[in-house]
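One structure is given below, encoded as structure tokens.
Note that the coordinates shown come from a computational prediction; the quantities given were computed from them, not determined experimentally.
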Amino acid sequence: MKVSTRGDYASRALLSLALHDDGTPTSVRDIADRTALPQPYLEQILLALKGAGLVRSKRGVGGGYVLARPAEEITLAQIVSAVDGPIAVGDFGEPHQNGACDHEGQCVLLAVWDNVGEHMRRLLEGRTLADIANIARGEAAWPEPVG
């Protein structure tokens with residue numbers, strides 16, 4: 001699995017909100033300008049994030065979006081799942097563990113794909129929006145490569 005463009009854009013938009021969190025709503029235009037994301041697409045993404053309870057919106061003059069919860073309580077897994085659905089390598093089904101595999105080697109590969117998806121999910125659950133904001137501000141070290 002790779003994080004989709006929607007997942008990347010959603011993460012970038014929420015990171016922008018976290019970096020500029022002063023308690024006042026930020027307009028979609030300001031988020032688009034700061035992140036260089038296309039505004040029409042960003043509007044769709046923000047609606048999905050609102051539906052997932054990650055942002056709140058205010059209409060009218062001075063309106064825009066704010067984080068619905070503290071950045072420390074929002075994980076990258078929640079952001080990606082809000083716009084991409086469940087984090088998984090693929091939708092291949094569950095492996096048979098009793099040797100009743102339908103096709104040669106299929107069950108072993110299904111177990112491997114499931115394991116990879118679980119590892120990715122844990123990595124994304126282990127990073128909060130606050131963690132990423134601290135790295136972006138230069139207040140924390142860059143993530144170590146997985147080796």
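Contact record, Tyr65 with Leu17: O-CD2, 3.5 Å, taken as the closest heavy-atom pair. Contact record, Gly7 with Ser11: O-OG, 2.9 Å, taken as the closest heavy-atom pair. The two residues Ala18 and Ala133 come nearest to each other via the heavy atoms CB-CB, 4.4 Å. Contact record, Ala13 with Leu37: N-CD1, 4.4 Å, taken as the closest heavy-atom pair. The two residues Gly63 and Pro25 make their nearest non-hydrogen contact at C-CB, 3.7 Å. The shortest non-hydrogen separation linking Ile135 to Pro143 is CD1-CD, 4.0 Å.
Using a 4.5 Å heavy-atom threshold, the side chains of Arg6 and Asp84 count as touching. Counting heavy atoms from C-beta on, the side chains of Thr75 and Leu124 never come closer than 4.5 Å.
For the atom pair OG of Ser81 and CG of Leu54, the computed distance is 9.5 Å after rounding to the nearest 0.5 Å. Rounding to the nearest 0.5 Å gives a distance of 6.0 Å between CG of Leu67 and CG of Leu14. Atom OG1 of Thr26 and atom CG of Asp21 lie 8.0 Å apart (nearest 0.5 Å). For the atom pair Gln78 CD and Thr128 OG1, the distance stands at 10.0 Å (nearest 0.5 Å). For the atom pair Lys50 NZ and Ile45 CD1, the distance stands at 16.0 Å (nearest 0.5 Å). Between the CG atom in Leu129 and the CD atom in Glu73 there is a gap of 11.5 Å [rounded to 0.5 Å].
One hydrophobic cluster, built from ILVMFWY side chains closer than 4.5 Å, cannot hold both Val66 and Leu47; they sit in different ones. In the hydrophobic clustering of ILVMFWY residues, with side-chain heavy atoms under 4.5 Å counting as a link, Met120 and Ile132 come out together. By the rule that hydrophobic residues join a cluster once side-chain heavy atoms approach within less than 4.5 Å of another member, Ile74 and Leu19 end up as members of one cluster.
Within a 6.0 Å sphere centred on CZ of Arg137, other residues, nucleotides and ligands contribute more than 12 heavy atoms. Heavy-atom neighbours of Arg69 CZ from other residues, nucleotides or ligands within 6.0 Å: above the threshold of 12. Shown here is His119, whose NE2 atom has no more than 12 heavy atoms of other residues, nucleotides or ligands within 6.0 Å.
Residues that satisfy the salt bridge (Lys or Arg N to Asp or Glu O under 4.0 Å) test with Asp131, not counting sequence neighbours, are absent from this structure.
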Practice problem: Output, in order, the C-alpha distance, side-chain angles, deciding distance and verdict of side chain to side chain contact (heavy atoms under 4.5 Å, CB included) for Val112 and Asn115. | Solution: CA-CA 5 Å; Val112 169; Asn115 185 282; 5.6 Å; no
- Task: List the steps, then state whether side chain to side chain contact (heavy atoms under 4.5 Å, CB included) holds for Val83 with Tyr9.
- Result: CA-CA 10 Å; Val83 296; Tyr9 284 11; over 6 Å; no
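Between Arg122 and Glu125, none of the side-chain N atoms (NZ, or NE/NH1/NH2) sits under 4.0 Å from a carboxylate O, so this pair counts as no salt bridge. Using a 4.0 Å cut-off between charged nitrogen and carboxylate oxygen, Asp8 and Arg12 count as a salt-bridge pair.
In summary, the side chains of Arg34 and Ser16 do present a donor paired with an acceptor at a separation below 3.5 Å, with no hydrogens or angles considered.
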